[in-house]
**Q** 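What follows is a structure written as structure tokens; I'll ask about it next.
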Amino acid sequence: MEKTFNAAEAESRIYDAWEQAGAFKAGANAKRDDTFCIMIPPPNVTGSLHMGHAFNNTLQDILTRWHRMRGFDTLWQPGQDHAGIATQMVVERDLAKEGKRRTDFTRQEFLKKVWEWKQTSGGTIINQLKRLGASCDWSRNAFTMSGAPGAPKGEDGNFHDAVIRVFVDMYNKGYIYRGKRLVNWDPHFETAISDLEVEQVEQDGKMWRLRYPLADGETYQHPVEWDEDGTVTATETRDYLTVATTRPETMLGDTGVAVHPDDARYTHLIGKHAILPLVGRRLRIVADDYADPEKGTGAVKMTPAHDFNDWAVGERTGLRAINVMNTKAAIALRGNADFAEGCPDDDIARCIEALDGIDRYEARDWIIQTAEAEGWLDGIDADRHMVPHGDRSKVAIEPYLTDQWFVDTQKVVQPAIDAVHNGDVTIMPDQDRKVYLHWLENIEPWCISRQLWWGHQIPVWFGPEKQDSNGTLFLAASSSSAGQPKQFCHATEAEAVASAEAYYGKPVRIVASRNEAVSDGFPMDAAEVKIWREEDVLDTWFSSGLWPIGTLGWPEDTEALNKYFPTDVLITGFDIIFFWVARMMMMQYAVVGQKPFHTVYVHALVRDEKGKKMSKSLGNVLDPLDLIDEYGADAVRFTLTAMAAMGRDLKLSKDRIAGYRNFGTKLWNAARFAEMNGAISAPTQYRQITDAKQTVNKWIIGEVGRIREDVDTALSAYRFNDAANALYAFVWGKVCDWYVEFSKPLLMDGTPEEQAETRTTMAWVLDQCLILLHPIMPFVTEELWQATPNRETMLVHADWPEYGADLVNPEADREMNWVISVIEGVRSARAQMHVPAGLKIPMLVSDLDAVGRAAWDRNEALIMKLARIDSLTESADFPKGTVTVPVEGATFGLPLADIIDVDEEKARLQKALAKLEKELSGLRGRLNNPKFAQSAPAEVVEETRENLAAREEEEARINAALARLAELG
RNA sequence: GGGUGAUUAGCUCAGUGGUAGAGCGCUUCGUUCACAUCGAAGAUGUCAGAAGUUCGAAUCUUCUAUCACCCA
């Protein structure tokens, strides 16, 4: 064997071997009926592996490998989502390099290019996950756009089918509706986005105060002076209202001014009007609690079509909504009937001349300059405020009035809440459970339509409504807020046509667009009715929301669906609790009436070592692939696992990773030692628990039993860090530090029987280490496993052990702990007395009791070797210059007359005594308190008594040693 | 403004009522035949502060301070 594990060379070789053997396929190594299924949180098809993925998938892989080794019928389902905006963005960026735009192509042509991109670049993250060691069943790799029209060969699958059927199902159940609502509009991508895709960004801005003249000669008294109590002492008469705004350009769409109903300054104005400068529109003054008398003048301009709060006020008070922008957030006034209505022609003409087609921010500048020139700019204040931005485009979001599709979340939310309350679904840690519930209990409608080309086109066809008993066909203007066209929602075009023909009672023809359909109206004598399909696509998260059923083959009644659904555990980041977890819960219950999984493990963020979020702009990103190159996948995985304390962010440093790389090397070298001593190649049939006679072997077998239980307990509770830390302490601290050392005298100088027993035990112990470590460190453990000839299976399919603490032999346990304490005591005394490390010295012992004597006799060779002692002599009186080592049941002495410094030895003993006294006073204090004995559990009291007795014995031994020193002066 | 969490060794963090822990770093010693990606020994704590509950509090309760994140 080499001196270290060559991760770079071995990892791909081992991974390929696993794949070739079909080791990760659903059901591989299944030995029982229980199933275990994890759905990967699908990464974006545009994505590449970052630390968050590495963390997330390491935890999933641990659970998957653990269950597979335990014989569960296991499926880790991989896949990617189609990432509507992100993918379209990537492809458009490529086109831009050739000086082309999306709109230079037809929708079909563009989609062909997207698929081409997907086929060449979309598999990046799959290969990266393989480098991490992820044991997904890649033969089942899913994609949220698979099966969509236009998908090229090799993109098999029926996910599209599932998405469409879920939409139709939810539509038919009344959970989905279309409506003209204010939505978050991204002017860059020219699509609606959901409120979750909006980021609030704090920005320095301005607050402009504008004067809106009162109509019809109205005035009010505006306070200008106050006394110390705040009582108004002077007012002035004003014939205008001052309103403040951070977005002056929206004034073009103002339709009212709101004041608080109790604001005495304005009550007489309610129902009266102000005149909108520039436009000349009459603005109704309305009363609404939204207007805060304390803020500014207490009067607020109302733009229902361009502000969410104003929209709500408009709904309550009946204000018109006037859209004054186009989809690029430029001002759109020409031909805008809503805008012109009721306004003087001159004003309208001037606005169109100056502002039509102008970007919103240029329009703002022009309006402010004009206001200043014309005297209706009251003032400008600096203001820092939140501005909504698109999380992809990074441009300011525009509240925008359009027709969109919504999931009526109120109707589907309850089962998702109940399931968590009643324990059907566990979300851990608890803080994330609270976040989940809080969000669902205050759920808002979910806007699911996107004005994109890449995505699942909504399966709804529109046509005119039958108006009256005569069957007159009527279609409301698309800009009108009243009335929707007739909708035919079906999974296929044929069904939609059939349904429409039944409705109209005449043949139906599908045309490309609404414009084509309405070109010559809907004459009663027409031979056919023209219908057209909704152009919008569905939010990517809508398709991700049905990931559990969609990947398993629903709506078909597949074997996989029957076997693995509901799935078991979902492991995901806290950042997509709303985006994904909550929506999966709602949708699975809405569509199939079952929970998607029984447990959700939410993990935190991976940060840099200073606790900063990793970001490209800060340049503090650690690339998991670089780390794997440098330290190996096992080290990266172990690090993430050891740091995965629930609910806490991980601060990742390279030192830590190097430390766990060293751990792998340690394990490697223990195996190398075993190989050199004939323990690795011990015949397979002997690699089992030996009927050990040697205390050392009995002891380590018991320790293996303990660690197996600890690891299973930890993993069962999703305490990944406990599992990793326990294994680290066991393998390094117990096996390598002690057992390997203890074995040396037996392997090198033992009888043939002792040698054989120890070889077999060591082989077994190392096998158990490999098995238990494999879920966390799959590569190095598999490599070591296969270093043994004639294995029946690869380690990935080895049986997970079921023994436990029943393997512990209490006598052996006690004895080895005693041996360790003797060795540590001697080593410590030697080091502090500056005895040269290599020097072998004699040792004395007094007060050796029967148990101690038996323990010594059985373990003399290894104590003498490890403590570097060359003889033991019983001696009631230690000679002058003896260093004392007190242990339970004996006092050992190192006669070091030539070397010892009496003062130093005295200081050493006194320090030990001081520490002991502190513990003793605590123990005595507790036992002397009568309430302790009364209230504390009996075993605690007993434990305390025993502890006190042991400490008192040690105290006596140290005091005796000090007395001897004192005699010597 | 609302919510959720955090504060323990120089650093990063475990630790859900019973003797304060780990890794890294640091100090001293050591190239003895698994491993210097190593071994041995060692130093380091008002468990943020205050009050309370309890025989007993890092742990439970309340308040204060500071920090972080999420939602408005």
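Quick caveat, the model's predicted, so the values are computed rather than measured. Sequence lines set the chain letters: A, B, ... in the order given, protein chains first and strands last, and positions in each chain run from 1.
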**Q** Which residues pass the salt bridge (Lys or Arg N to Asp or Glu O under 4.0 Å) test with A/D204, sequence neighbours left out?
**A**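 Residues passing salt bridge (Lys or Arg N to Asp or Glu O under 4.0 Å) with A/D204: A/R384.
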**Q** Sequence neighbours left out, what pairs pass salt bridge (charged side-chain N to carboxylate O under 4.0 Å, His left out) with at least one residue falling in residues 629-641 of chain A?
**A**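 Every salt bridge (charged side-chain N to carboxylate O under 4.0 Å, His left out) pair that includes a residue of residues 629-641 of chain A, provided the two are not neighbours, is A/D61-A/R637, A/R131-A/D629, A/E630-A/K654.
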**Q** Dump every N/O contact between nucleotides 19-21 of chain B and the protein below 3.5 Å, one line per pair.
**A**
unit_1	atom_1	unit_2	atom_2	d
B/rU19	O2	A/E919	OE1	3.1
B/rU19	N3	A/N947	ND2	3.4
B/rU19	O4	A/N947	ND2	3.3

**Q** May I ask you to say what A/P937 touches in the nucleic acid, namely base, sugar-phosphate or nothing, with a heavy-atom cut-off under 4.0 Å?
**A**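 Result for A/P937 = base.
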**Q** For A/T665 and for A/Y660, find the nucleotide of RNA chain B with the closest heavy atom, then tell me which residue's nucleotide is more 5'.
**A**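 On the 5' side of the pair lies A/Y660.
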**Q** State yes or no: are the ring centers of A/F638 and A/F720 separated by less than 6.0 Å?
**A**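 Ring centroids of A/F638 and A/F720 are no less than 6.0 Å from each other.
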**Q** When the P atoms of B/rA51 and B/rA58 are considered, how many whole Å apart are they?
**A**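 It works out to 14 Å between them.
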**Q** What integer number of Å spans the C1' atoms of B/rA43 and B/rC24?
**A**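 Straight-line distance between the two C1' atoms is 16 Å.
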**Q** Suppose we call a contact any N or O donor and acceptor under 3.5 Å apart; does that hold for the side chain of A/K3 and the base of B/rC35?
**A**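 Result: no qualifying N/O pair found.
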**Q** Provide a list of protein-nucleic acid N or O atom pairs under 3.5 angstrom, restricted to nucleotides 42-48 of chain B.
**A**
unit_1	atom_1	unit_2	atom_2	d
B/rG42	OP1	A/S828	OG	2.9
B/rA43	OP1	A/K911	NZ	2.3

**Q** Classify the nucleic acid contact of A/N929 as base, sugar-phosphate or nothing, counting any heavy atom under 4.0 Å across all strands shown.
**A**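 Sugar-phosphate contact only - A/N929 comes under 4.0 Å of backbone atoms but never of a base.
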**Q** From C-beta outward on A/R672, which listed nucleotide comes closest to its side chain: B/rU4, B/rA14, B/rA34?
**A**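 For the A/R672 side chain, the nearest candidate turns out to be B/rA34.
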**Q** Can you confirm whether more than 12 heavy atoms, excluding those of A/E675, are under 6.0 Å from its CD atom?
**A**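 Count over threshold, so yes.
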**Q** Can a side chain N or O of A/K666 be found less than 4.0 Å away from OP1 or OP2 on B/rG39?
**A**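 Yes, such a contact exists.
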**Q** Under the 3.5 angstrom rule, does the side chain of A/N677 hit a backbone N or O of A/A679 as a donor-acceptor pair?
**A**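 It does not hold such a pair.
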**Q** Using atom P of each nucleotide, how far apart are B/rC47 and B/rC60 to the nearest Å?
**A**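 It comes out at 16 Å once rounded to the nearest Å.
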**Q** Roughly how far apart, to the nearest Å, are B/rU32 and B/rA40 at atom P?
**A**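 Roughly 16 Å separates the two P atoms.
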**Q** Mind listing the side-chain donor-acceptor pairs of residues 820-830 of chain A below 3.5 Å, one per line with the distance, residues two or more places apart or on another chain?
**A**
unit_1	atom_1	unit_2	atom_2	d
A/S821	OG	A/W818	O	2.8
A/R827	NE	A/L866	O	3.3
A/S828	OG	A/Q832	NE2	3.0
A/R830	NH1	A/L839	O	3.2
A/R830	NH1	A/A867	O	3.2
A/R830	NH1	A/R868	O	2.8
A/R830	NH2	A/P836	O	3.1
A/R830	NH2	A/A837	O	3.3
A/R830	NH2	A/L839	O	2.7

**Q** Do A/E741 and B/rA34 have a side chain to base donor-acceptor pair shorter than 3.5 Å?
**A**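 Side chain to base: pair found, below 3.5 Å.
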**Q** Given atom CH2 of A/W668 and atom P of B/rC38, what is their separation to the nearest angstrom?
**A**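 Going from CH2 in A/W668 over to P in B/rC38 covers 16 Å.
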**Q** Working note: A/E703 + A/R706, criterion salt bridge (charged side-chain N to carboxylate O under 4.0 Å, His left out); need CA distance, chi angles, decisive distance, verdict.
**A** CA-CA 5 Å; A/E703 292 290 348; A/R706 285 205 181 101; 3.3 Å; yes
**Q** For A/R830, which contact category applies under a 4.0 Å heavy-atom criterion: base, sugar-phosphate, or nothing?
**A**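 It contacts nothing in the nucleic acid.
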**Q** So, for A/Y660 and A/Y728, is the gap between ring centers shorter than 6.0 Å?
**A**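 Ring centroids of A/Y660 and A/Y728 are less than 6.0 Å from each other.
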**Q** If the cut-off is 4.0 Å, is A/W738 near the phosphate of B/rA40, judged by side-chain N/O to OP1 or OP2?
**A**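 The answer is no; no side-chain N or O of A/W738 sits under 4.0 Å from OP1 or OP2.
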**Q** Please check if the distance between the ring centroids of A/F55 and A/H603 is under 6.0 Å.
**A**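 Yes: the rings meet the under 6.0 Å criterion.
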**Q** Classify A/M386 by what it touches in the nucleic acid, base, sugar-phosphate, or nothing, heavy-atom distance under 4.0 Å.
**A**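 Here A/M386 touches the bases of the nucleic acid.
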**Q** Please, what dot-bracket string fits RNA chain B when only Watson-Crick and G-U pairs with both distances under 3.5 Å count, crossing ones use [ ] and pairs to another strand use |?
**A** ((((((((.[[[[.)..(..]]]].(((((.......))))).....[[[[[..)....]]]]]))))))).
**Q** Go nucleotide by nucleotide along RNA chain B from the 5' end; which of A/M676 and A/I823 gets its closest nucleotide reached first?
**A**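 On the 5' side of the pair lies A/M676.
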**Q** Cut-off 3.5 Å, side chains only: do A/Y290 and A/D310 have a donor facing an acceptor?
**A**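 No, A/D310 and A/Y290 have no side-chain donor paired with an acceptor closer than 3.5 Å.
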